[in-house]
2 protein chains.
Amino acid sequence: MSRSAPDPSRAWQLLVKFFFAQREHLPARGEAFELSPVQCHVLHLIEPERPMAMGRLAETLGCDASNITGLVDRLEDRGLVQRQPSPEDRRIKVIRLTPTGSRVRTQLLRHVTSSARPLSRLSAADQRALIRILERLVDEQ
Amino acid sequence: MSRSAPDPSRAWQLLVKFFFAQREHLPARGEAFELSPVQCHVLHLIEPERPMAMGRLAETLGCDASNITGLVDRLEDRGLVQRQPSPEDRRIKVIRLTPTGSRVRTQLLRHVTSSARPLSRLSAADQRALIRILERLVDEQ
DNA sequence: TATTGTTATACTCTATAACTATA
DNA sequence: TATAGTTATAGAGTATAACAATA
């Protein structure tokens, strides 16, 4: 194994390649639930009993706020989430999972486990290392 | 550190979360080049002097073949790639980088390096570990 | 007949800009 | 004035289905 300085761009390229290559198997596609990748991601992000303001959602998704309106519209039409005006600041609307949304979220997370085959092929040590590194990356920003 | 069996779905969740969280910084967005994420990915995938059939591109991107037509149309309109009918099988068209496309690809890869800051924050050992694990994942499918 | 790529269609995601309601 | 969310608009990505050219 090389001990020379690692190349961060190499990791980026691999991450992008892996992510795109796995999209078809990626539970985030949520084909079984007829949900788009972004819709799945939103369902991951909003935990039951922990509603999120629409603006916060835009920040987290890294997209313009105007997109959230349609995104939430579609999720609301399907009965997965609900808009609630914030009592403190009536400009703000928070998004809350409905009981159905909460149930679908649980199924989705369960589905992830059964579809994570390529990751399961890693050794236990590698899986632990990957999780540790990713946790560091996700928390650190 | 826990020694219990690692949870592959945890790694998936983290990967998805990380990927979405980083999209705004992700060079794959290629804002500097006015390229969409998928267009950037195609430019990564097609190496200079190694043209790729449209069908192969659809497979690699994991999308329906009908999308490739428009995708390649837009790249062709911008002078980044060229369609060439295959001499052996005239149903097949291969996509080749133009000199401009090749140049943009190089700039894009260079841009990756300078934007990979969140990954640079990892220790050298973690970076090496991440690259090793990802290489295993990408090759293993 | 089967395969490669295209076209037509419809929907989702995305950004920008102008707008409304609230602070 | 500034902020949160909406609307209008335009363009890109995506899937399905029907099609043409080629094998």
Side-chain angles (χ1 to χ4, degrees), chain A residues 16 19-20 22-26 28-43 45 51-78 80-96, chain B residues 16 19-20 22-26 28-43 45 51-78 80-96:
Chain A
V16 173
F19 200 82
F20 273 93
Q22 288 304 321
R23 279 189 312 170
E24 52 189 321
H25 311 296
L26 198 66
R29 297 210 75 176
E31 274 163 357
F33 305 91
E34 311 226 318
L35 292 169
S36 75
V38 177
Q39 287 173 334
C40 286
H41 191 219
V42 170
L43 244 55
L45 287 172
M52 190 183 286
M54 298 190 66
R56 176 89 183 91
L57 197 51
E59 261 179 55
T60 310
L61 293 178
C63 72
D64 190 88
S66 63
N67 300 310
I68 305 301
T69 300
L71 185 58
V72 170
D73 279 349
R74 290 182 283 275
L75 288 171
E76 206 169 28
D77 287 347
R78 297 183 50 176
L80 300 175
V81 304
Q82 267 184 334
R83 280 174 169 90
Q84 288 179 338
S86 165
E88 300 101 34
D89 183 338
R90 285 185 313 184
R91 290 175 302 180
I92 294 176
K93 294 181 189 168
V94 296
I95 309 306
R96 173 187 293 282
Chain B
V16 173
F19 198 83
F20 273 93
Q22 288 304 320
R23 279 190 311 171
E24 52 190 320
H25 311 296
L26 199 65
R29 298 210 73 177
E31 274 164 357
F33 304 91
E34 310 225 319
L35 292 169
S36 74
V38 177
Q39 287 173 334
C40 287
H41 191 218
V42 170
L43 244 54
L45 286 174
M52 190 183 287
M54 298 190 66
R56 177 91 183 89
L57 197 52
E59 260 179 56
T60 310
L61 293 178
C63 72
D64 190 88
S66 62
N67 300 310
I68 305 301
T69 301
L71 184 57
V72 170
D73 279 350
R74 290 182 283 273
L75 289 171
E76 207 169 28
D77 287 347
R78 297 184 49 177
L80 300 175
V81 304
Q82 267 185 333
R83 280 174 170 90
Q84 288 179 337
S86 165
E88 299 103 32
D89 183 336
R90 286 186 311 183
R91 289 174 304 181
I92 294 174
K93 294 181 190 168
V94 296
I95 309 307
R96 174 186 292 282

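These numbers come from the heavy atoms of this one structure, side chains and all, not from hydrogens, waters or symmetry mates. Owing to the predicted nature of the structure, the values given are computational and were not obtained by experimental measurement. To find a chain, count down the sequence lines: A is the first, B the second, and so on, and within it residues start at 1.
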Between atom CG in A:Leu75 and atom P in C:dC11, what is the gap in whole Å?
-> 17 Å
How far apart are the closest heavy atoms of A:Gln39 and A:Arg74, and which atoms are they?
-> NE2-CB, 3.9 Å
What is the minimum heavy-atom distance between A:Ala65 and A:Ala58, and which atoms define it?
-> CA-CB, 3.9 Å
How close or far is atom C1' of C:dA15 from atom CD of B:Glu34, stated in whole angstroms?
-> 12 Å
Contact string for nucleotides 6-12 of chain D, one letter per nucleotide 5' to 3', B = base within protein heavy-atom range under 4.0 Å, S = sugar-phosphate only, - = neither, reads BB----S
Report, one pair per line, the protein and nucleotides 21-23 of chain C atoms (nitrogen or oxygen only) whose separation is under 3.5 Å.
unit_1 : atom_1 : unit_2  : atom_2 : d
C:dA23 : OP1    : A:Arg90 : N      : 3.1

For the pair made of CG in B:Leu61 and P in D:dG13, what is the distance, rounded to whole Å?
-> 10 Å
Give a yes or no answer on whether the side chain of A:Glu59 reaches the backbone of A:Arg56 with a donor-acceptor pair at less than 3.5 Å.
-> no
Specify the closest pair of heavy atoms between B:Leu57 and B:Met52, including all atoms of both residues, with the distance to one decimal.
-> CD1-SD, 3.7 Å
Which whole-number value in Å describes the distance from A:Ile92 CD1 to D:dA2 C1'?
-> 13 Å
Any chance the side chains of B:Arg96 and B:Gln82 put a donor and an acceptor closer than 3.5 Å?
-> no
CA sep, side-chain torsions, deciding dist, call: A:Arg83, A:Asp73, salt bridge (Lys or Arg N to Asp or Glu O under 4.0 Å) | CA-CA 9 Å; A:Arg83 280 174 169 90; A:Asp73 279 349; 3.0 Å; yes
Heavy-atom closest contact (B:Val81 atom, B:Glu76 atom, distance) = O-CG, 3.4 Å
Find out whether B:Val42 and B:Leu80 are in side-chain contact, i.e. whether some heavy atom of one side chain is under 4.5 Å from a heavy atom of the other.
-> no
Round to a whole Å and report the spacing from CG of A:Leu57 to C1' of C:dT14.
-> 14 Å
